[in-house]
Amino acid sequence: MSWLSLQRRDTQLSELMDDPACDLDGLRRTYAQFGSVNSLVAGWGRVYRQHLRPRLSRDRPHRLLDIGCGGGDVPRALARWAARDGFTLRITAIDADARAIAYAAAQPPVSGLTFRQALSGDLVRQGHSFDLVTSNHLLHHLTDAELRTVLLDSEALCRDAEGRGGGLAVHSDIQRSPLAYAAFRVGVAPLFRGSFIGVDGLRSIRRSFTAPELAALAPPGWQVQTLPPYRNLLLYDAATALSDTGAPARA
Ligand SMILES: C[S@@+](CC[C@H](N)C(=O)[O-])C[C@H]1O[C@@H](n2cnc3c(N)ncnc32)[C@H](O)[C@@H]1O
């Protein structure tokens, strides 16, 4: 593969885990290894401390939605950290793939964490709302049109029934670059055998967005932050975004 091919998103590449006919044992090992991969590369401890924890108070329960939860390791970590810090956080973790939900739901239960097979749009139609909306390694799975849909759904889910909102959405994903590709191939992929992590990780990087691409595709009100190593955070602060547009924001 030439480095030049990383200049554009390669949406023609599909990941092994997205194949409905993929080897189920390999898929389960992939879900099982996501937690270790995420601890190495995804930086959710920092995202929790910098973005999520400041939104939590001990006065009331909070609701968090994780979209594209896979095996559920990120919502489990968030539940653990929030409980450690004395917050009541009720987490709904959704995935489009029934196999992911079956795997996640079969793991030891965590208080306040529920898994369900759903798309973000299903929750919008059902009138749900959340204080926090998150995803990890979801965005690169999506087409540009699907990305917009997920972002608009995230906005809607951060609002209450009157259209007011004070919630925060944080979507975290890999940032496409030749260095990220080389670092993953040499430093991460060899650590994970017997799963799809090596192949899908490299394909994920080729499918992922650069920060300027995300900024160009995101609707108004969204901001892109970059985090080392090779991460994009796409953030929507409903209170700020709504007050910028003149719409009423929750006090
Ligand atoms: C690479 S996995 C990441 C799993 C998990 N978030 C993690 O980081 O360990 C991406 C997950 O997103 C799910 N997914 C893809 N498109 C989706 C969509 N439109 N809505 C919900 N889930 C989706 C896939 O089924 C897959 O389980």
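Counting convention: from 1, in listed order, for ligands and their atoms alike. Computed from a predicted model, the values in this text were never measured in an experiment.
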(message) Applying a heavy-atom cut-off of 4.0 Å, say which part of Met17 lies close to ligand 1: side chain, backbone, both or neither.
(response) side chain
(request) With Cys22 as reference, evaluate Leu24, Asp19, Asp18 under the side-chain contact (heavy atoms from CB on, under 4.5 Å) test and give the passing residue. (result) Asp19
(message) I'd like to know if the side chain of Asp173 and the backbone of His140 have a donor-acceptor N/O pair within less than 3.5 Å.
(response) yes
(message) Between ligand 1 and Ile94, can you find any atom pair, the residue atom being a heavy atom, that is separated by under 4.0 Å?
(response) no
(message) Taking 4.0 Å as the limit for heavy-atom contacts, which would you say applies to Asp200 with ligand 1: side chain only, backbone only, both, or neither?
(response) neither
(request) Using a strict 4.0 Å cut-off to heavy atoms of Leu142, name the atoms of ligand 1 that fall inside it. (result) 16 (N), 19 (N)
(message) For atom 11 (C) of ligand 1, tell me which residue out of Leu138, Ile174, Asp153, Asp95 has the closest non-hydrogen atom.
(response) Asp95
(request) Have a look at ligand 1 and work out which part of Asn38, if any, has a heavy atom under 4.0 Å from it: side chain, backbone, both or neither. (result) side chain
(request) Under 4.0 Å from a heavy atom of Gly70: give me the atoms of ligand 1 that qualify, with their elements. (result) 4 (C), 5 (C), 27 (O)
(request) Pull out every atom of ligand 1 sitting under 4.0 Å from any heavy atom of Asp97, numbered as shown with elements. (result) 25 (O)
(message) Out of the candidates His51, Arg55, Gln223, only one should pair with Asp237 under the side chain to side chain donor-acceptor pair (under 3.5 Å) rule; please name it.
(response) Arg55
(request) Keeping the roles fixed (side chain from Gln33, backbone from Arg193), state whether a donor-acceptor pair exists under 3.5 Å. (result) yes
(message) Can you see whether Ser154 engages His171 through a side-chain donor-acceptor pair at a distance of less than 3.5 angstrom?
(response) yes
(request) For atom 1 (C) of ligand 1, grab the closest protein heavy atom and report residue, atom and distance to one decimal in Å. (result) His141 NE2, 3.1 Å
(message) Could you identify the single nearest non-hydrogen protein atom to atom 18 (C) of ligand 1 and state the distance to 0.1 Å?
(response) Leu119 CD2, 3.8 Å
(request) Check step by step if side chain to side chain donor-acceptor pair (under 3.5 Å) holds for Asp95 and Tyr103. (result) CA-CA 11 Å; Asp95 201 288; Tyr103 177 89; over 6 Å; no
(request) Indicate yes or no for a side-chain donor-acceptor contact from Arg63 to the backbone of Ser129 under 3.5 Å, with no hydrogens or angles considered. (result) yes
(request) Determine yes or no for a side-chain-to-main-chain donor-acceptor pair under 3.5 angstrom, with Gln117 supplying the side chain and Ala96 the backbone. (result) yes
(message) Using only atom types and a distance under 3.5 Å, with no angle test, would you say the side chain of Arg58 pairs donor to acceptor with the backbone of Asp85?
(response) yes
(request) Quick one: closest heavy-atom pair of Arg176 and Thr210, and the distance? (result) NH2-CG2, 3.6 Å
(request) Of the side chain and backbone of Asn136, name the one, both, or neither that has a heavy atom under 4.0 Å from an atom of ligand 1. (result) both
(message) I need the contact type for Val37 against ligand 1. Using non-hydrogen atoms and a strict under-4.0 Å cut-off, is it side chain, backbone, both or neither?
(response) neither
(request) Considering heavy atoms of the protein only, find what lies nearest to atom 12 (O) of ligand 1 and give residue, atom and distance to 0.1 Å. (result) Gly68 CA, 3.5 Å
(request) Report the member of Ala96, Ser204, Ala93 with the shortest heavy-atom distance to atom 22 (N) of ligand 1. (result) Ala96
(request) Within a distance under 4.0 Å of any heavy atom of Cys69, pick out the atoms of ligand 1 and give their elements. (result) 4 (C), 5 (C), 6 (N)
(request) Return a yes/no value for Asp18: is any of its N or O atoms, backbone included, closer than 3.5 angstrom to an N or O of ligand 1? (result) no
